[in-house]
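Okay, so here's the structure we're looking at.
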Amino acid sequence: MAFDLEEYLRTAFRDKLRLQTVPVWDGAVLLPSTHLLLKRREVAEVERVLQSQREEFRQRMERLEQRRQQLGQRKDQLRDVVLKFNVFLKASAARQERALRRVEEERARAVGQGAEAAHLRQELTGLLQRREHLARRLRSLRGFGDYLQGVLARTEQFQDVPAMLAHFGVLAGARAALAQQAEAGQERLAQGWARLRRYQEEASSELLRTNNELTQLRARLEAARHEVLQGESCWAHVQSTATQKTLLLGQIKLAVLNLFQLATARLKVPTDMALEDTEAQLDTVLLCMQDLTAICAELRPRQMGPCPPRLPAATSMHPRRHGGARAPLSQE
């Protein structure tokens, strides 16, 4: 806004100070009231332009305030998303832990049931095999009964042949049972390793899906943070620009005040106006310049050519607050 005001003042002064060729009798034809009406119209036009610029600047500030509020709301939403994401991570970890616990329980139950079933099957198979084996052995060893009786008589360690056969049968059965148990243990171990590999693959796939979701959420979080940083940077730039424009406006007002003080000090014009009234100060400076121009025109010889054009009258609607009715400097 300060930059627009500077351009407008520069254009206005350039247009008003531009030399124009007017007749000598132009000032005598136009009445002072006509001059005053023209200048009031110009001041009203300037006021209208300034008011429109103030309204535009106010609307821009309102839009910036709305944008800042939207950024704050967006920040709150992102904070809620982060909190929800942390809750989701905790829930996911709890679900994963429960799933692993259920897997372990199912694995233990399956191992127990499989072991029991295998043991029963092996025991039944062993009993059937043993019965068949004993039947075959009975048929094949029936001719060796005498031989066994002779052995029993020679050894004198057993009371009868069944006791001796029971002893050796127990030894053979123990050996067969040990072999079967070793085989069953190898089979159970292979099944357990297969189930473990399957469960590990399922857990790995679930963990991979969870990691993919986590990566996507982190990317969204980083994008949101980047958007917030861009909004804050834009807001800081707007504040810096407004500060610079305000400083430039203050410099313009200070320059006008310096011109006013210099003109009033040189020409001894009363300065009964407020220091903040920049327009009135500009009007006073223009009046002083008009008086000096009139003096130069009267002192210039008539033979030098037509009188130079006069400077424009004061542009302010404020009445001159000089003490008393003061005559122009040309008459003095």
Side-chain angles (χ1 to χ4, degrees), residues 82-221:
V82 171
L83 294 177
K84 292 180 180 178
F85 178 67
N86 292 331
V87 173
F88 170 75
L89 288 180
K90 294 179 180 179
S92 177
R95 287 197 302 269
Q96 185 176 4
E97 184 178 358
R98 289 195 299 269
L100 292 176
R101 189 161 52 249
R102 286 197 300 269
V103 166
E104 291 294 335
E105 293 176 356
E106 292 293 334
R107 183 186 305 170
R109 188 181 302 109
V111 168
Q113 293 177 356
E116 185 178 359
H119 179 69
L120 293 174
R121 286 195 299 270
Q122 290 174 2
E123 187 176 357
L124 178 60
T125 304
L127 291 175
L128 293 175
Q129 290 177 358
R130 184 178 180 183
R131 186 182 66 177
E132 186 66 25
H133 179 67
L134 290 175
R136 287 196 304 268
R137 286 187 66 185
L138 180 60
R139 289 192 299 269
S140 63
L141 296 176
R142 189 173 294 173
F144 297 96
D146 297 336
Y147 176 75
L148 292 176
Q149 290 293 335
V151 173
L152 180 61
R154 285 193 298 271
T155 56
E156 297 180 356
Q157 295 180 357
F158 305 98
Q159 295 178 0
D160 50 8
V161 174
M164 183 178 63
L165 292 177
H167 177 70
F168 286 107
V170 169
L171 294 178
R175 180 180 178 182
L178 291 175
Q180 289 177 0
Q181 289 179 2
E183 184 180 358
Q186 292 294 331
E187 184 178 358
R188 290 195 300 271
L189 182 61
Q191 293 177 359
W193 279 112
R195 286 194 297 270
L196 179 60
R197 283 193 296 271
R198 185 171 63 255
Y199 292 148
Q200 286 179 350
E201 290 176 358
E202 293 177 358
S204 298
S205 62
E206 182 67 22
L207 183 61
L208 181 60
R209 286 195 297 270
T210 304
N211 289 334
N212 291 334
E213 293 179 0
L214 179 61
T215 303
Q216 293 176 0
L217 291 174
R218 285 179 177 174
R220 290 174 58 188
L221 180 60

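The chain is numbered in sequence order, starting from 1.
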In a table with atom names and distances, give each donor-acceptor pair under 3.5 Å that connects a side chain of residues 168-190 to protein atoms at least two apart or in another chain.
none

Identify, with sequence neighbours excluded, every residue that meets side chain to side chain contact (heavy atoms under 4.5 Å, CB included) alongside [X].
X	value
T125	Q129
L124	L128
L100	Q96
L120	E116, E123

To the nearest 0.5 Å, what is the distance between [atom1] on [X] and [atom2] on [Y]?
X	Y	atom1	atom2	result
F85	E213	CZ	CD	9.5 Å
L217	F88	CG	CZ	7.0 Å
N211	Q216	CG	CD	11.5 Å

inquiry  = Can you list everything that forms a salt bridge (charged side-chain N to carboxylate O under 4.0 Å, His left out) with E132? Sequence neighbours excluded, please.
reply    =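 Once residues adjacent in sequence are excluded, the partners of E132 under the salt bridge (charged side-chain N to carboxylate O under 4.0 Å, His left out) criterion are R136.
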
task = Not counting sequence neighbours, which residues clear salt bridge (charged side-chain N to carboxylate O under 4.0 Å, His left out) with R209? List them please.
result =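 Partners of R209 under the salt bridge (charged side-chain N to carboxylate O under 4.0 Å, His left out) test: E206.
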
message = I'd like to know whether CZ of R130 has more than 12 heavy-atom contacts from other residues, nucleotides or ligands below 6.0 angstrom.
response =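 12 or below, so no.
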
key: Other residues, nucleotides, ligands: >12 heavy atoms within 6.0 Å of R198 CZ   =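 Yes.
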
task = Not counting sequence neighbours, list each pair that qualifies as a side chain to side chain donor-acceptor pair (under 3.5 Å) and has a residue in residues 98-107.
result =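 Only E104-R107, E106-R109 qualify under side chain to side chain donor-acceptor pair (under 3.5 Å).
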
